[in-house]
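Quick note: residue numbers are just sequence positions, from 1. Please read all numbers here as calculations on a predicted model, not as lab measurements.
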Amino acid sequence: MGCYSCMRLLYVVLNSIFFVIGIVSLGLVTWVLVDQTIPLNFAQEPDDNMIVSIIYLVMTLVLVLLSILGMYGAGKEVKWALAVSFSLLLIVIVVEVTSGVWIWMNRDTLDEFTHLSVKRTVQEIYDNDKQMKEILDTIQSKMHCCGADNPTDWSRNKHINLGINSKPTRYNIPTSCCREDIAPSLCTAVTQEIKMGENLNFDVIFEKGCYVLIKERVLGSLTIIFIVYGSIVGVQILGLLIGLILTFSMNRTNRYKA
């Protein structure tokens, strides 16, 4: 009886953790859906990004629901609530592990797609899509980056200002590439009508490209990401095992009490 009570208490604690994780995840997924300036949006097509975000939104809602059912089932000794909580948790774990394995197996493809997506946005989409222009400008100013690989990516924009006859080809860099403490007049002078091949003033504009910076930050956080992800899945598997034991033990314990 003592061991059974301890397992019930542990299961309630674990489901409390799942509830907190679910609420935090719900906030993050909602943020991704609402804030289009998040660099993650470059990792896939807009429609695919919406579908994936909605799937994870549903999964976080399921995690919140199963945690509530788990706490209720263990606290009140309601077998059906424990059984439903167990089944939903199993589904969540399968989705998380499957998506994690898929991302790891396709990491090179995702990296290449992200690179091409940022590059294409700079060279082709920026001047034709007002929403994408605002997104990239926000990313450049917030992340302190410019272009895809470097600021000279803007020289290959399809809308560069081509010179006439012997005049050299010139191009413009968005003012969102300028550092925060730079005066608007100096920013305009440095970023507009730049001669092709001319050295750029990196005291005024950001030197690193956005794709390069995104990749550096992801790689730098990779160990932490895997530790957190593995810990969450590990705790969920522990909760799954305890939920299974409690579900099968409940009838026997209730018979004992009778």
Minimum heavy-atom distance between V190 and I205, given as atom pair plus value: CG1-CG2, 4.3 Å
Common cluster, I232/I224, ILVMFWY with side-chain heavy-atom separation under 4.5 Å: yes
Nearest atoms (heavy-atom pairs only) where C177 meets W154: SG-NE1, 4.0 Å
Nearest atoms (heavy-atom pairs only) where A81 meets L69: CB-O, 3.7 Å
Atom CG of L219 with >12 non-hydrogen neighbours under 6.0 angstrom: yes
Closest heavy-atom pair and its distance - F202, P151: CE2-CG, 3.8 Å
Y126 to P174 - nearest heavy-atom pair and separation: OH-CB, 3.4 Å
In one Ile/Leu/Val/Met/Phe/Trp/Tyr side-chain cluster, 4.5 Å: V84, F18: yes
Atom pair CD1/CZ of I21 and F19 - distance to nearest 0.5 Å: 12.0 Å
K133 and I125, any side-chain heavy atoms less than 4.5 Å apart: no
N150/D153 under side-chain contact (heavy atoms from CB on, under 4.5 Å): CA gap, chis, key distance, verdict: CA-CA 6 Å; N150 52 65; D153 287 330; 4.2 Å; yes
CD1 on I103 to OG1 on T98, rounded to 0.5 Å: 11.0 Å
Partner of H144 by side-chain hydrogen bond (donor to acceptor under 3.5 Å, both in side chains), out of R179, E180, K208: E180
Check: N172 side chain, E193 main-chain N or O, donor-acceptor pair, under 3.5 Å: yes
Pair Q236-E96, side-chain contact (heavy atoms from CB on, under 4.5 Å): steps then yes or no: CA-CA 10 Å; Q236 288 175 339; E96 288 176 346; 2.4 Å; yes
Min side-chain heavy-atom separation L66-N15 under 4.5 Å: yes
Derivation and outcome, side chain to side chain donor-acceptor pair (under 3.5 Å), residues D137 and S176: CA-CA 5 Å; D137 280 337; S176 57; 2.8 Å; yes
Point-to-point distance, once rounded to the nearest 0.5 Å, from OG1 of T121 to CG of N128: 11.5 Å
Polar side-chain atom of S99 near backbone of V95 as donor-acceptor pair, under 3.5 Å: yes
Evaluation steps, side-chain contact (heavy atoms from CB on, under 4.5 Å), between W102 and N106: CA-CA 6 Å; W102 184 86; N106 293 275; 3.2 Å; yes
Short side-chain donor-acceptor distance under 3.5 Å, T152 and Y171: no
ILVMFWY cluster, F206 and L213 together (side-chain gap under 4.5 Å): no
L88 with M71, same ILVMFWY side-chain cluster at under 4.5 Å: no
R8 side-chain N/O to A74 backbone N/O, donor-acceptor pair under 3.5 Å: yes
Nearest-0.5 Å distance that lies between atom CD1 in I182 and atom OG1 in T191: 11.0 Å
Inter-residue atom distance Y11.OH - L240.CG, 0.5 Å rounding: 7.5 Å
Beyond-backbone contact of N201 with V204, side-chain heavy atoms, under 4.5 angstrom: yes
Verify same cluster id: M7, I237 (apolar side-chain graph, 4.5 Å): yes
E112 atom CD: more than 12 heavy-atom contacts under 6.0 Å: no
Cystine candidate C146-C210, SG separation under 2.5 Å: no
Taking every non-hydrogen atom, the tightest pair across T60 and S25: CG2-CB, 3.3 Å
Interatomic spacing from OG in S141 to CG in L136 - rounded to 0.5 Å: 9.5 Å
Donor-acceptor contact present, side-chain R217 to main-chain I214, <3.5 Å: no
Presence of salt bridge, D149 and K119, under 4.0 angstrom: yes
Under 3.5 Å: donor-acceptor pair, side chain of Q140, backbone of G147: yes
Exercise: do D111 and Y211 side chains pair donor with acceptor under 3.5 Å: yes
side-chain contact (heavy atoms from CB on, under 4.5 Å) evaluation trace for E216 with V212: CA-CA 6 Å; E216 283 181 359; V212 174; 3.7 Å; yes
